[in-house]
Amino acid sequence: MKHSILVVDDEREIADLVEVYLKNEGYPVFKAYNGADALAIVETQPLSLAILDVMLPDMDGFSLCQKIRETHFFPILMLSAKGEDTDKIMGLTLGADDYITKPFSPLELVARVKTQLRRYTRYNTPDGKDRNEHDFRGLFICQDSHQCTLNGEELTLTPIEFNILWYLCEHRGKVVSSEELFEAVWKEKYMDSNNTVMAHIARLREKMKEPSRKPKFITTVWGVGYTIE
């Protein structure tokens with residue numbers, strides 16, 4: 001059964017654009033331009049996910065999210081023109097699963113939708129098992145299948161590149177030194193003048209189309225190592 005998605009945004013052009021991209025992926029879409037109509041759809045249609053704009057004419061998206069969470073537990077993504085951390089924290093605290101700042105890439109939005117649906121389906125399946133994978137912010141990497149995608153696009157990684165990315169994802173939120181990364185991936189003793197890790201990180205970032213100044217995923221902590229947050 002296909003996952004039905006609710007899109008709530010008072011800017012009809014944005015709602016229509018999101019609808020086009022989601023329908024291209026085969027998802028049935030319900031649209032609402034205010035909170036009241038959105039709640040009516042929530043109560044009458046079998047939904048698997050909702051995308052809510054923060055600024056609505058009759059109630060804000062945070063209140064709508066909170067209202068939905070009283071009886072429903074499908075994933076909720078918040079859309080907002082504001083990028084302040086306080087807004088993100090509020091949305092996540094009230095029950096949202098992800099937060100995207102406008103303007104956004106429709107392809108990234110679709111990738112995040114797929115990420116949330118995979119999690120929701122897996123966690124709500126009685127025989128669901130951990131398939132040894134990481135799935136966040138549009139990046140999906142699975143050790144069992146050796147598959148890696150970014151915003152829905154397959155990344156062609158060498159075994160070394162895959163293992164570097166996997167190790168960083170396994171230690172997400174922690175800074176991994178070049179020495180630790182080298183010895184974990186290459187299974188050899190690290191030498192002080194070894195630039196192998198730096199070269200492979202650069203190639204990995206290139207394949208992920210990471211901006212050199214502000215990479216979204218692999219961050220360099222100068223003098224310490226690398227991290228994915």
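Remember, predicted model here, so these are calculated numbers, not experimental data.
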From [atom1] ([X]) to [atom2] ([Y]), nearest 0.5 Å:
X      : Y      : atom1 : atom2 : value
Thr227 : His171 : OG1   : NE2   : 11.0 Å
Ile141 : Leu157 : CD1   : CG    : 7.0 Å
Met208 : Asn151 : CE    : CG    : 9.5 Å
Ile201 : Leu168 : CD1   : CG    : 5.5 Å
Tyr226 : Leu181 : OH    : CG    : 8.0 Å
Ile51  : Leu22  : CD1   : CG    : 5.0 Å

Hey, are the side chains of [X] and [Y] touching, using non-hydrogen atoms and a 4.5 Å cut-off?
X      : Y      : answer
Leu79  : Lys102 : yes
Glu183 : Lys189 : yes
Trp166 : Cys148 : no
Gln116 : Leu49  : yes
Leu6   : Phe30  : yes
Ile160 : Trp186 : yes
Glu25  : Val113 : no
Ser48  : Leu117 : yes

Can you name the residues that form a side-chain contact (heavy atoms from CB on, under 4.5 Å) with [X], not counting sequence neighbours?
X      : answer
Ala36  : Asn34, Asp58
Lys23  : Glu19, Val29
Ser177 : Glu179, Glu180
Leu107 : Tyr21, Ser105

Self-check item: Geometric class of the Tyr190/Phe182 ring pair [parallel <30°, tilted 30-60°, perpendicular >60°]
Solution: perpendicular
Is the side chain of [X] donor-acceptor paired with the backbone N or O of [Y] at a distance under 3.5 Å, no angle test?
X      : Y      : value
Arg12  : Tyr33  : no
Asn195 : Met198 : no
Lys187 : Ala184 : yes
Arg112 : Tyr99  : yes
His200 : Thr196 : yes

Quiz item: When you look at CD of Gln147, are more than 12 heavy atoms from neighbouring residues, nucleotides or ligands closer to it than 6.0 Å?
Solution: yes
Practice problem: Would you sort out whether Met78 and Cys65 count as a side chain to side chain contact (heavy atoms under 4.5 Å, CB included), showing the intermediate values? | Solution: CA-CA 9 Å; Met78 303 295 296; Cys65 174; 4.2 Å; yes
Mind listing the closest non-hydrogen atom pair of [X] and [Y] along with its distance?
X      : Y      : value
Leu17  : Pro106 : CD2-CG, 4.0 Å
Leu64  : Gly35  : CD1-O, 3.9 Å
Asp9   : Leu56  : CA-CD2, 4.2 Å
Val197 : Ser178 : CG2-O, 3.7 Å
Ala111 : Gly152 : CB-N, 4.0 Å
Pro28  : His3   : CD-O, 3.3 Å

Self-check item: Intermediate values then yes/no, side chain to side chain contact (heavy atoms under 4.5 Å, CB included), Phe104 and Ile14
Solution: CA-CA 10 Å; Phe104 57 86; Ile14 293 179; 4.2 Å; yes
Practice problem: Given salt bridge (charged side-chain N to carboxylate O under 4.0 Å, His left out), test Arg69 with Asp97 step by step and report yes or no. | Solution: CA-CA 11 Å; Arg69 275 288 173 260; Asp97 298 275; 3.0 Å; yes
Exercise. State yes or no: do Val20 and Ile100 share one hydrophobic cluster built from I, L, V, M, F, W and Y residues joined by side-chain heavy-atom distances below 4.5 Å, directly or via other members?
Key: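 Per the 4.5 Å side-chain linkage, Val20 and Ile100 are not co-clustered.
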Self-check item: Worked check of side chain to side chain contact (heavy atoms under 4.5 Å, CB included) between Arg118 and Phe140
Solution: CA-CA 10 Å; Arg118 276 196 297 265; Phe140 172 76; 3.6 Å; yes
Quiz item: Hydrophobic clusters join Ile, Leu, Val, Met, Phe, Trp and Tyr when side-chain heavy atoms are under 4.5 Å apart, directly or via other members; which others share one with Val221?
Solution: Val175, Val224
Quiz item: What residue pairs, at least two apart or across chains, pass salt bridge (Lys or Arg N to Asp or Glu O under 4.0 Å) with a residue in residues 160-172?
Solution: Glu161-Lys207
Quiz item: Does the pair Leu39 and Met59 meet the rule for a side chain to side chain contact (heavy atoms under 4.5 Å, CB included), with working shown?
Solution: CA-CA 11 Å; Leu39 288 174; Met59 68 173 72; 4.1 Å; yes
Quiz item: Does the pair Lys31 and Asp16 meet the rule for a salt bridge (charged side-chain N to carboxylate O under 4.0 Å, His left out), with working shown?
Solution: CA-CA 8 Å; Lys31 287 188 299 184; Asp16 291 344; 2.5 Å; yes
